Structures are given as structure tokens and as C-alpha cells.
Amino acid sequence: MTTRILPAVGDPDTARSLITLLGRLPGSEPMRSVPDSVTLLDTLAALSHESVAGLPEVVIIHERIGPLPALELIREVALRFPAVGVVLVSADPTAGLYSAAMDAGARGLAGLPLSFEELSTRLAAAAQWAAGMRRHLGLGDSPGTGPGGRLVTVSGAKGGVGATLLATQLALAAQGSAPAEGRGVVLVDLDLLSGDVGSFFDVQFRRSLADLAGIGDISPQVLAEAVFTHRTGLSMLIAPAEGERGEDVTDTTARHLLTAVRARYDTVIVDCGSQMNAATAAAVELADTALLVTTPDVVAVRAVNRMVRMWDRLQIRKAEGVVTVVNRLSRSSAIQPQLIARITGTQVARQPVPANFRELQEAQDAGRIQDLDAKGPVRRAMWALATELGLAAPQPAGGGGGSRRKGRRG
């Protein structure tokens, strides 16, 4: 595979030496260097006019580029052209500059004078990241593990099996373990016709993810306007109150939206509901982990079979790439997890969720799902599942609260 590399270097001598060095890298295709930030942005805009595939995989930005400062330019490129990996080159590659460059959206930092080995390593990492991003934008053949935050989808094999409840608890558990210096967790309600995430948290917000449909450049400011921040610290993109507006969210919209969200959050939990459409299919295809929730009864397990076989036929995801979560399991259940694994061909999560409606009723009815009893078996099981999936740290004995942060916006 050829990696196209566009240098943005103001000094002609540095540009020539960089082009010479790039020419020695196997599989690289150096493009003509651009001298300033304005020309770089104009060039990228022109190359992306037909499609994202026209963009170079990597842009190299010299620290003394102008008139826009290098870090601001990196941020602009990362926001406008997220499928491009950016490498900053600097004569003083300190840890502080590395951190600032990564925060701005760079994929690497190389020191001057450039060495063949260091440049090769930095460019390879940036090119690999760009390739992953393009797969997630629908330009590749396979989903793979995506760049940015981790994406987990939660789908119900059929209605009423508890997918939304599980999505809320996984998101709360992840948020409860999120480091203070991290980018946080967002819960996306992609059940476009009848999403209940807002009801579970008693959220009434003027914006929904349908407001992002048709927006070509979902900037951080645009995204922030559509996100509701709950008092637990959990961010949410809720489904439209008018179900018919969900028709505006196509598979292309969903890919664009989820790519923008992953760039801004460490963990993205998507409630896909139980009805597959183009948007949820795109989400499941892009997911790092795809969960399918079932109850231990014949009707629901048959629904798991139908769903995973449909995903396979449509080349969305193979059965072995799906994790089935068994909800409302009891010792008396006729169908146990081992049998579900054999019947469906999916992985079955080690941690099932027990049946205990009484534990849930008050919190669900009041729209305070974050206030589930930390010692309750359902809540403990779902948070243990979050630990199994690598979304949260193990909870101390006796549980912990989901509402550890204050503050509310919107």
C-alpha cells in the first residue's frame, strides 16, 4: 500500500531535505510541499472535493509554519479532515510539546534533525491510524478496530429484553471509572423511533442527534450543542422526541456522527434498540464490541439467531464477533448461557444479569436510573459486566455510586 505524504514546511531547504528523506521510505509517495497554513488547508479542501479517498494519508507540519501557529493548524486539520494523520516536526520535541500536539489531534511528534528510523516509525503509525479512520468512514473492506475512543453497541435481540437498561449501566460504570484527565464517556441513543435513554434519566433537552443530520463538518462546538451533560458527568446524545425525525439519520450520517463522537470521547456506548435500520447497522459494523442482549427463553434466543444471521448475510458482523449478554437469568431458566452459545455461535458474556424487577421499578419509573441500589444484584451484575468488557475498573466490595460528579448543562 502506498502512503501519500504532504509536507507543510515554510523553509525551502528544510522542505527539500524532508522530501529527499521521504523518498527513501519504502511505500511512500511524497507530494509537493506547501509553504504555509493557508495553502495546506486549501490543498486539502481541493483534494477532498470528490471524496475522502483523494486526501493524503499523512500530513507533516513543521513547527514554524505560518501564518497559523502549528498547534492551531493541527487542530484545524484534525477537525476538518479527520481521515488524515498529522505528524509535527520540531527542533525541541519535549514531553510538554508532545502532550500539546496530541491534544490538538496530532498522531506523532518527530525531532529535528530528522532521522530515517524515527520518521519512518512516526509516519507508519499515522498512516495506520488514517487507514483505520477511512475504514470507519466506509472506504475500506473491513471494520477493524477504530481510532479514537472505544465504541460499544448494545442491541436487543427483540423488544423488551433490557438493552437500554444495560446501555445506561455500562455507560455509568465507565463514567464512574473515567480518569479526571480523560475525555469522558458518551451514551448515544440510536434507537431513533422509540429511544428511551432520555426517559431513563428524566432528561428533557432541546437538541437531539437528529439535529446533527446533514451537517458536513461536526465541529466540537456543533457537537457540544447537541450533547446533554447529566449531573453524573455522563454525556448523552438523545434520540429525537419526534420519531419521524429519525428518518433523517442515514447510514452515512451515523458513520459521520460516530466518527466525530469517537474523536471527542474515550468511550462511546450506543443503544441500538431492537429494530435494525441503516444507522444501527453502520454502528454495529463500526463497533469495537457489539453486544446483543437476550433473555433465557426460546423466543428471544431465536431472535438472537435471526439477528446474527442477518448481520452475517449483510456483511455487517460475523456471529463470532458478537457478544451475547443473558439478562434475567435464574437457576430455574430452561435455557442456560452455555446452550445459547452453542445455538447462536456467538460469544456469551461470562457475567449474566439476574432477574429482579423489584430492584429496578422505582428508579425506572422515577427517571433516576443512575440511583439503582449499588448493592442490588442487577446493578452489581451489569457493572461487573462493564469490568469484564474492560469499560470499568472492578468495584469495591459493597459497590459504589454512579453519581459522583455534579453539575448540569442544557
Side-chain angles (χ1 to χ4, degrees), residues 1-135 137 139 147-148 263:
M1 175 182 173
T2 301
T3 300
R4 292 163 298 173
I5 305 168
L6 175 59
V9 183
D11 177 66
D13 292 334
T14 303
R16 280 192 293 271
S17 63
L18 177 57
I19 292 290
T20 301
L21 191 57
L22 292 175
R24 295 170 50 199
L25 296 176
S28 68
E29 182 184 318
M31 301 172 68
R32 184 176 181 179
S33 178
V34 295
D36 54 60
S37 59
V38 174
T39 306
L40 173 62
L41 294 174
D42 288 347
T43 300
L44 292 175
L47 292 172
S48 66
H49 180 68
E50 293 297 330
S51 72
V52 175
L55 289 167
E57 283 72 28
V58 181
V59 168
I60 299 176
I61 294 178
H62 189 273
E63 63 180 343
R64 293 186 179 178
I65 195 74
L68 200 63
L71 292 178
E72 292 185 30
L73 179 59
I74 291 171
R75 187 172 291 108
E76 188 70 13
V77 171
L79 291 176
R80 292 178 56 184
F81 311 100
V84 174
V86 180
V87 174
L88 175 66
V89 293
S90 168
D92 188 24
T94 62
L97 179 60
Y98 176 85
S99 178
M102 296 304 105
D103 288 344
R107 309 312 307 174
L109 172 64
L112 291 170
L114 292 168
S115 71
F116 179 89
E117 291 75 18
E118 182 183 23
L119 186 61
S120 177
T121 300
R122 300 292 178 266
L123 293 179
Q128 184 178 13
W129 184 91
M133 176 65 82
R134 292 173 197 216
R135 284 196 301 270
L137 289 172
L139 299 174

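Values below: all heavy atoms of this structure, side chains included; hydrogens, waters and symmetry mates excluded. Because the structure is predicted, anything quoted here is derived from the model rather than measured.
Atom CG of Asp42 is separated from atom CG of Leu47 by 11.0 Å, given to the nearest 0.5 angstrom. For the atom pair Leu114 CG and Ile60 CD1, the distance stands at 7.5 Å (nearest 0.5 Å).
Side-chain contact between Glu76 and Leu44 is absent, with no heavy-atom pair separated by less than 4.5 Å. Contact check for Leu41 versus Leu73: side-chain heavy atoms found under the 4.5 Å cut-off. Within the 4.5 Å cutoff, the side chain of Leu22 has heavy atoms near those of the Leu119 side chain.
Ala15 is linked by a side chain to side chain contact (heavy atoms under 4.5 Å, CB included) to Val9, Ser33, counting only residues two or more places apart in sequence or in another chain. Remark: Ala70 pairs with Ile61, Ile65, Leu88 by the side chain to side chain contact (heavy atoms under 4.5 Å, CB included) rule, at least two apart or across chains. Judged as a salt bridge (Lys or Arg N to Asp or Glu O under 4.0 Å), and not counting sequence neighbours, the contacts of Arg16 are Asp13. The side-chain hydrogen bond (donor to acceptor under 3.5 Å, both in side chains) search around Asp92 returns none, not counting sequence neighbours. Not counting sequence neighbours, Arg75 has no partner by the side-chain hydrogen bond (donor to acceptor under 3.5 Å, both in side chains) test. Listed by chain and residue number, Glu63 satisfy the side-chain hydrogen bond (donor to acceptor under 3.5 Å, both in side chains) test with Ser90 (two or more places apart in sequence, or in another chain). Remark: Met102 engages Tyr98, Ala106 in a side chain to side chain contact (heavy atoms under 4.5 Å, CB included) (not counting sequence neighbours). In terms of the side-chain hydrogen bond (donor to acceptor under 3.5 Å, both in side chains) criterion, residue partners of Thr14 (sequence neighbours excluded) are, by chain and number, Asp11. With sequence neighbours excluded, the residues that form a salt bridge (Lys or Arg N to Asp or Glu O under 4.0 Å) with Glu118 are Arg122. Contacts of Ala100 classified as side chain to side chain contact (heavy atoms under 4.5 Å, CB included), with partners at least two apart in sequence or in another chain: Leu71.
Between Pro30 and Ile19, the shortest heavy-atom distance links the atoms CB-CD1, 4.1 Å. Annotation for Val84 and Pro56: closest pair CG2-O, 3.5 Å, computed over non-hydrogen atoms. The two residues Pro93 and Gly111 have their closest heavy-atom pair at CG-CA, 3.8 Å. Closest approach of Ser48 and Phe81 over heavy atoms only: OG-CE2, 3.7 Å. Taking both residues in full, the closest heavy atoms of Ile5 and Ser28 are given as CD1-CB, 3.8 Å, listed atom of the first, atom of the second, then distance. Among all heavy-atom pairs drawn from Ala130 and Glu57, the shortest one is CB-O, 3.4 Å.
Under a 3.5 Å cut-off, the side chain of Thr43 and the backbone N or O of Thr39 do form a donor-acceptor pair. Checking side-chain atoms of Arg107 against main-chain N and O of Ala125 turns up no donor-acceptor pair under 3.5 Å.
Among pairs with a residue in residues 24-40, none fulfils salt bridge (charged side-chain N to carboxylate O under 4.0 Å, His left out), at least two apart in sequence or across chains.
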